[in-house]
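Step one of this worksheet: look at the structure below.
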Amino acid sequence: MLNTQELQQSDSTHYLHPFTDAKSLKKKGARVITRAEGIYLWDSDGNRLLDGMAGLWCVNVGYGRKVLAQTAMRQLEELPYYNTFFQTTHPPAVALSEKLAELSPPGFNRVFLVNSGSEANDTVLRMIRRYWALMDQPQRRVVISRINAYHGSTVASASMGGQSFIHKIDGLPIPEIEHIEEPYWYANGGDLTPEEYGLKTARALEEKILELGENRVAAFIGEPIQGAGGVIVPPENYWPEIQRICKKYRILLVADEVICGFGRLGEWFGSTYYHLDPDLMPIAKGLSSGYLPIGGVLVHDRVGDVLQEKGGEFSHGFTYSGHPASCSVALENLKIVEDEKLVEKVKHETGPHLKERWQEFNSHPLVAEVRNAGLLGAIELSPDKSSRAPFPEPGKTGYLCRDICFKNGLVMRSVKDTMIISPPLIISKEQIDEMFELAWKCLDQTSEAL
Ligand code: PXG
């Protein structure tokens with residue numbers, strides 16, 4: 001086995017990292033993670049880290065689940081691969097689809113399986129357009145999304161995403177994708193109350209629909225809580241108003257459940273948490289807790305019946321759609337979530353405990369706002385608590401704090417100057433306390449360093 005330095009050397013020579021400045025990484029050398037157990041990671045020098053991000057918002061059942069490894073092994077021995085194209089199926093794809101129909105809100109009886117959240121959202125775009133073509137309204141092609149949304153990194157999903165630094169690179173978005181203001185009261189709400197701002201940002205959807213012409217609009221897409229954008233918990237009245245507008249203009253509502261799905265908010269779906277009635281729900285991450293890549297689009301009967309009954313081929317799919325090993329592992333992962341009552345645990349035990357502890361950050365001099373829901377949390381850092389003022393160099397303090405967290409054995413991510421967490425759903429109350437105390441210490445050290 002190579003030592004840390006050799007690994008870093010080889011890594012920077014041969015491996016191009018996602019969302020990374022390769023030049024600066026070459027100077028520093030990548031952090032090398034070698035093993036994990038429960039909510040903890042270990043690096044190649046033996047340092048332990050509390051993983052406050054569950055990998056990338058995905059390792060919901062925690063690390064080291066032997067049963068998931070054994071399930072993959074058994075499936076790989078029995079049927080390592082077969083496709084689900086050309087009128088073929090296999091037991092793992094059938095079993096997982098049936099299970100997802102059982103766990104999903106009423107009316108969601110079908111799923112289209114893919115390998116990631118990005119593929120799920122590309123599928124969403126094509127499915128929406130196929131639906132409207134079958135409904136004899138092919139001119140309904142525009143999808144409305146939000147500034148600072150994250151829906152993936154493929155061309156279509158990045159177009160639906162609303163991060164301008166991503167769009168700039170490639171001349172995105174592709175045509176017929178529009179963006180409206182996000183419900184980010186802390187950063188953009190100014191003197192409005194959160195409720196006034198919630199209504200304003202939701203009404204932006206109606207304005208956009210009227211501007212485009214209602215018969216051109218196919219769908220609205222949003223994450224129940226924006227994750228990568230900075231754990232943006234919308235004002236209470238935001239989603240009810242969005243839902244009302246979608247129903248009024250009969251446009252499809254797509255709830256991107258890639259992060260919020262499978263218990264993150266103490267419900268099986270973020271849509272349930274917000275009492276939404278979506279038409280499509282892209283899923284990934286917590287579906288398999290990241291043990292193998294898999295995603296999907298959950299389809300409400302309102303859309304699924306049309307796709308099935310009207311006939312004709314949906315010319316879309318991936319070699320590994322419904323991969324047998326991924327399906328088997330996802331199914332076993334969902335069994336763990338059910339058997340260990342992880343969704344209920346987040347709702348009644350760890351979610352409320354995190355909320356209580358997280359509120360304490362309000363008294364920290366560097367913190368201007370805290371937000372949380374279920375096992376998602378955000379801390380807004382500011383040089384002036386009372387005015388919610390940004391730092392003169394946005395993002396620098398967040399980076400500083402993130403590096404201090406790593407040094408202290410905590411993975412807490414920064415999005416500009418917002419610190420965010422999304423720990424594994426197995427985290428205990430005592431471990432939440434440990435995470436909180438570590439985070440507090442890191443905020444203190446950040447203050448001192450400033
Ligand atoms: N939708 C949402 C809401 C996501 O958060 C995707 C789709 C795309 O999923 P895939 O599996 O294609 O990555 C995501 C992914 C970050 C970060 O830095 C977030 C994601 C991925 C990578 C990094 O917060 N979210």
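Ligands are counted one by one from 1 in listed order, and the atoms in each one are counted from 1 as well. No hydrogens, no waters, no symmetry mates; every other heavy atom, side chains included, goes into these values.
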Applying a heavy-atom cut-off of 4.0 Å, say which part of N121 lies close to ligand 1: side chain, backbone, both or neither.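 Only the side chain of N121 comes within reach of ligand 1.
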Enumerate the atoms of ligand 1 whose separation from the nearest heavy atom of [X] is less than 4.0 angstrom.
X	result
G117	8 (C), 9 (O), 10 (P), 11 (O), 12 (O)
S118	8 (C), 9 (O), 10 (P), 12 (O)
R413	16 (C), 18 (O), 24 (O)
S116	11 (O), 12 (O)
I259	5 (O)
W57	16 (C), 17 (C), 19 (C), 24 (O)

Are [X] and [Y] ion-paired here, with the side-chain N under 4.0 Å from a carboxylate O?
X	Y	answer
E257	R264	no
E241	R244	yes
K99	E102	yes
D417	K396	no

Test item: R146 side-chain N/O and H179 main-chain N/O as donor-acceptor pair under 3.5 Å: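 The answer is no, because no donor-acceptor pair under 3.5 Å joins these two groups.
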Between [X] and ligand 1, is there a nitrogen or oxygen pair with a distance under 3.5 Å?
X	result
E223	no
V258	no
D256	yes

Does the side chain of E181 pick up a donor-acceptor pair with the side chain of Y197 at under 3.5 Å?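 A pair is found: one side chain offers a donor N or O, the other an acceptor, under 3.5 Å apart.
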Report yes or no: is the cationic atom of [X] (NZ for Lys, CZ for Arg) under 6.0 Å from the centre of the six-membered ring of [Y], at an angle within 45° of the ring normal?
X	Y	value
R357	F436	yes
R388	W185	yes
R31	F406	yes

Considering non-hydrogen atoms of the protein only, which is the closest contact for [atom], and what is the distance?
atom	value
atom 22 (C) of ligand 1	L56 CD1, 3.5 Å
atom 2 (C) of ligand 1	Y150 O, 3.3 Å
atom 25 (N) of ligand 1	K285 NZ, 3.1 Å

Against ligand 1, does M53 come closer than 4.0 Å with any heavy atom?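 Checking ligand 1 against M53, which is what was asked, there is no heavy-atom contact under 4.0 Å.
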